[in-house]
Amino acid sequence: MMFERRRMDDTVEVVSASVGKGFAEQARQIDEAPVVIQASAGEAWDRVRRRLRAELGEDVFSSWFARVELGSIVDGVAYLTVPTRFLKSWLESHYAERLRVNCMAELAGLNGVMLSVRQVSRDMSQPPAEIVPLRGRATVAAPTEPRPAPATGIAAAELGERDLVDACGTLLDRRMNFQAFIVGKSNQLAFAAAERIAAAPAGTTPYNPLYIHAGVGLGKTHLLQAIAQEARSQGKRVAYFTADRFMYGFVAALKSQTALAFKEKLRGIDLLVVDDVQFIQGKSIQQEFGHTINALIDAGKQIVVAGDRMANDLEALDERIRSRLGGGLVVEVGDLDEALRATILGNRLETLQAAHPNFQVNPDVVTYVARVVATNGRDLDGAANRLLAHATLSGQPVSLETAEAAIRDLVRTREPRRVKIEDIQKLVATRYNVSRADILSERRTAAVVKPRQIAMYLAKALTPRSLPEIGRRFGGRDHTTVLHAVRKIEKAITEDRSLHDEVDLLKRMLQE
């Protein structure tokens with residue numbers, strides 16, 4: 001049976017070519033049927049989720065199924081809802097049968113499963129819109145009234161304000177809120193800590209200070225902005241600074257002889273958020289920053305700081321500041337895995353599609369781009385914009401071939417993975433069946449000395465750290481000890497082919 005869509009006066013009508021009004025009336029009756037939720041449906045849905053988690057693993061489940069919800073059961077059909085069209089399309093393309101089988105195994109009397117995109121704050125008395133069956137049945141899209149986008153977070157509290165500013169006048173980006181942040185395995189701990197801090201009542205400090213470190217484009221600025229906005233919506237006095245703005249504010253206060261007022265204003269806030277702390281320079285400015293942190297912590301105020309590496313590695317920063325930042329909760333936002341990149345890219349494309357209805361990208365292209373653009377979120381933004389430019393300028397649909405050409409520069413210029421000394425120590429220790437503590441210890445047995453020297457050699461070869469810094473990270477050793485280890489391994493790998501291959505394998509494992 002063939003079906004066609006017709007758009008009339010901003011509504012969508014599905015018409016059967018052979019049945020006509022008969023099918024339309026049948027669809028209307030289904031949509032108007034009372035929503036029936038089985039008393040035990042919630043428990044059964046929990047069992048479905050457990051089955052999927054066990055079959056697919058935690059990573060796949062968290063990426064694709066964590067946000068799937070059971071909306072209703074009508075006439076033996078389970079209506080599942082997801083937050084985005086991309087997620088619905090992905091599930092239909094990759095997991096439709098697995099989802100259907102597990103649902104029918106746990107939900108009694110079920111004879112069908114359908115997916116729909118849920119609307120925030122949708123009236124549950126209305127029929128679900130944009131319902132798509134998971135196998136073989138027609139698409140039914142219920143006519144819906146256009147609704148304004150719901151205000152979320154700080155936007156809801158400040159609808160009357162033109163701009164969203166903090167207590168010190170910094171303009172915050174409304175788009176960078178918790179609702180827009182995409183959570184995956186690499187950032188879930190940082191996200192949970194950020195939410196806890198933002199929701200905590202003024203005067204309470206769940207984790208103080210919170211220090212978040214991550215490479216470029218992995219979402220730390222988004223998290224800090226979300227904390228600032230959510231905390232401000234709770235009535236807290238928030239000051240959000242980038243490093244350069246903090247320096248500019250302090251220098252301007254000195255020039256205008258208002259330094260005391262500047263200090264007092266900072267000490268009167270409930271939450272201080274500072275991004276890119278590695279760029280704070282100047283002895284007097286660092287001293288003032290350190291005094292501010294100490295004063296706020298002593299007064300029970302919350303501090304949140306972000307940098308591009310661990311606090312102890314910020315060599316240009318005053319040691320007392322590094323000690324303060326390292327003494328709280330330190331969380332790393334890791335590299336984006338492929339599933340998380342696909343989700344981020346799908347959301348970017350969906351935003352572009354809202355402004356360009358004719359721009360369509362099928363899931364296979366999304367999968368390809370997410371696999372090869374493996375650097376950060378900003379490169380994914382660039383990939384989405386390139387795909388849009390190709391589609392709009394050429395008038396051609398986006399295929400795998402055109403996508404490959406459009407993002408070629410992003411793939412070619414991809415930077416290698418940033419290797420950390422801790423990663424080197426852990427990998428070498430595992431490879432040679434010793435502990436990381438052994439490598440850092442003073443033990444001089446052959447079983448420990450060789451892995452230690454290899455780890456030092458790899459630290460010199462794969463990281464930008466100086467010999468003194470490497471020595472400090474290996475139990476406080478002198479730089480001459482590191483130099484001796486590097487030279488000894490360099491000589492050994494030219495004479496011993498098996499050792500050469502072993503070290504080369506370790507290098508590839510650390511860089512991939």
Side-chain angles (χ1 to χ4, degrees), residues 1-5 12 14 16 23 27 30-31 35 37-38 41-42 44-119 127-142 182 184 337-347 349-350 353 360-371 398-400:
M1 184 179 294
M2 301 295 293
F3 300 92
E4 61 178 357
R5 290 176 179 259
V12 179
V14 177
S16 167
F23 179 81
I30 293 175
D31 286 342
V35 175
I37 301 287
Q38 298 176 358
W45 176 240
D46 288 340
R47 291 196 298 271
V48 173
R49 290 167 60 86
R50 287 195 294 269
R51 288 171 64 113
L52 290 169
R53 182 182 278 109
E55 290 181 12
L56 302 172
E58 185 62 35
D59 289 349
V60 173
F61 179 86
S62 298
S63 297
W64 304 116
F65 293 92
R67 295 183 292 170
V68 181
E69 296 177 2
L70 174 62
S72 60
I73 299 176
V74 181
D75 293 339
V77 177
Y79 291 92
L80 307 181
T81 67
V82 293
T84 66
R85 289 191 298 273
F86 169 75
L87 183 55
K88 176 172 67 65
S89 175
W90 184 276
L91 291 173
E92 291 165 0
S93 300
H94 296 79
Y95 297 106
E97 184 63 18
R98 192 182 296 266
L99 188 57
R100 185 185 66 82
V101 168
N102 280 282
C103 285
M104 295 183 71
E106 294 293 346
L107 292 166
L110 206 65
N111 54 40
V113 178
M114 286 187 167
L115 272 178
S116 67
V117 179
R118 60 177 171 266
Q119 298 180 6
E130 225 179 320
I131 295 175
V132 179
L134 286 183
R135 63 165 190 169
R137 294 174 60 181
T139 299
V140 180
I182 300 174
D337 57 52
E338 185 174 334
L340 185 55
R341 295 198 302 269
T343 305
I344 293 172
L345 180 61
N347 278 267
L349 293 172
E350 190 170 307
Q353 288 166 356
Q360 299 294 327
V361 180
N362 66 58
D364 289 338
V365 173
V366 175
T367 302
Y368 166 74
V369 175
R371 186 176 68 251
V398 179
S399 64
L400 283 173

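We use all heavy atoms of the structure for the numbers below, so side chains are in, but hydrogens, waters and symmetry mates are not. Here the structure is a predicted model, which is why all the values come from computation and not from measurement.
For L107 against A44, the heavy-atom pair with the smallest separation is CD2-CB, 3.5 Å. Closest heavy-atom contact between N347 and I182: ND2-CD1, 3.5 Å. When all heavy atoms are compared, the tightest approach of V82 to V68 is CG1-CG2, 3.8 Å. Across all their heavy atoms, A342 and V366 have their closest contact at O-CG1, 4.0 Å. The minimum heavy-atom distance between L70 and A78, with the atom names listed, is CD1-CB, 4.1 Å. Across all their heavy atoms, R341 and R371 have their closest contact at NH2-O, 3.6 Å.
The line from OG1 of T367 to CG of L345 is 9.5 Å long, rounded to the nearest 0.5 Å. Atom-to-atom distance recorded for L115:CG and Y95:OH is 14.0 Å, nearest 0.5 angstrom. Between R51 atom CZ and D46 atom CG the span is 13.5 Å, to the nearest 0.5 Å.
Checking each of T343, L52, L99 against W64 for a side-chain contact (heavy atoms from CB on, under 4.5 Å) leaves exactly one that passes, namely T343.
Residues satisfying the salt bridge (Lys or Arg N to Asp or Glu O under 4.0 Å) criterion with R53, sequence neighbours excluded, are E58. By the salt bridge (Lys or Arg N to Asp or Glu O under 4.0 Å) test, E55 pairs with R98, sequence neighbours left out. Every residue was checked against the ring pair (Phe, Tyr, Trp, His ring centres under 6.0 Å) condition with F61, not counting sequence neighbours, and none meets it. Partners of R50 by side-chain hydrogen bond (donor to acceptor under 3.5 Å, both in side chains), not counting sequence neighbours: none found. For E69, the salt bridge (Lys or Arg N to Asp or Glu O under 4.0 Å) criterion is met by R118, not counting sequence neighbours. In terms of the side chain to side chain contact (heavy atoms under 4.5 Å, CB included) criterion, residue partners of D364 (sequence neighbours excluded) are, by chain and number, N362.
Y79 has its side chain out of reach of V113: every pair of non-hydrogen atoms, C-beta onward, lies at least 4.5 Å apart. For the pair L80/C103, a side-chain contact is recorded, criterion being any heavy-atom separation below 4.5 Å from C-beta on.
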